[in-house]
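Worksheet for the structure shown next.
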Amino acid sequence: MNQREIGKKQESRAAKYLESLGYRILEYNFSCSFGEIDLIAEHEGYLVFVEVKYRTDPKVSDPASAVNYRKQQKISKTADYYRVFRKIPSDRPCRFDVVAETPDAIRVYQNAFLYRGNGW
């Protein structure tokens with residue numbers, strides 16, 4: 001299985017897990033010229049932009065640590081574009097979650113990082 005196939009499999013696993021927690025998945029792999037967002041969902045009144053990270057060896061590092069400042073900026077800009085593209089009102093509450101996966105576990109970090117774009 002190549003990296004892309006592994007990524008799709010892990011995103012699907014993450015989506016099912018999030019649904020079990022009450023998330024409603026709206027989109028998978030939204031992409032534009034700014035970047036890609038793995039999952040976009042609704043949860044508890046929020047529009048949630050979800051980054052999924054998978055690591056085969058959790059001893060090396062927490063998968064969530066791969067969502068560094070630069071990646072956060074990219075996700076934020078893509079989220080801005082998504083909101084304009086889908087005509088999401090500017091007062092709609094949003095957040096950024098990270099799903100960290102290993103072969104043995106899934107962990108959800110709600111509000112994993114603050115918005116890093118130009119402003120909503």
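Among residues at least two apart or in separate chains, salt bridge (Lys or Arg N to Asp or Glu O under 4.0 Å) pairs with a member in residues 27-38 are E27-R86. Note on residues 64-73: pairs passing side chain to side chain donor-acceptor pair (under 3.5 Å), not counting sequence neighbours, are Q72-R116.
E42 is linked by a salt bridge (charged side-chain N to carboxylate O under 4.0 Å, His left out) to R24, R92, counting only residues two or more places apart in sequence or in another chain. Legend: residues meeting side-chain contact (heavy atoms from CB on, under 4.5 Å) with A64, ordered by chain and number and at least two apart, are D62, V98, A100, Y109. Residues satisfying the salt bridge (charged side-chain N to carboxylate O under 4.0 Å, His left out) test with E101, not counting sequence neighbours, are R13. K16 is linked by a side chain to side chain donor-acceptor pair (under 3.5 Å) to nothing, counting only residues two or more places apart in sequence or in another chain. With sequence neighbours left out, Y81 forms a ring-ring contact (aromatic ring centres under 6.0 Å, His included) with F85. With sequence neighbours excluded, no residue forms a salt bridge (charged side-chain N to carboxylate O under 4.0 Å, His left out) with K74. Qualifying side-chain contact (heavy atoms from CB on, under 4.5 Å) partners for K8, counting only residues two or more places apart in sequence or in other chains: E11, N29.
Contact detail for R83 and P89: the closest heavy-atom pair is NH2-O, 3.2 Å. Residues F96 and L114 share a closest heavy-atom pair of CD1-C, 4.5 Å.
Between C32 and K77, every side-chain heavy-atom pair lies at or beyond the 4.5 Å cut-off.
Once rounded to the nearest 0.5 Å, the distance linking CZ of F34 with CD1 of I75 reads 14.5 Å. Taken to the nearest 0.5 Å, the OH atom of Y54 stands 7.5 Å off from the OG1 atom of T102.
Taking a 4.5 Å side-chain heavy-atom cut-off between Ile, Leu, Val, Met, Phe, Trp and Tyr, the cluster of V52 extends to Y17, L18, L21, Y23, I25, Y28, L39, Y46, V48, V50, V99, I106, V108.
Panel note: side chain R95, backbone F49; no donor-acceptor pair is recorded below 3.5 Å.
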Point to revise | Audit row: Q10, K53, side chain to side chain contact (heavy atoms under 4.5 Å, CB included) steps and yes/no | key: CA-CA 8 Å; Q10 298 313 318; K53 287 296 179 190; over 6 Å; no
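The cluster map of Ile, Leu, Val, Met, Phe, Trp and Tyr, joined by side-chain heavy atoms under 4.5 Å apart, puts I37 and I88 in the same cluster.
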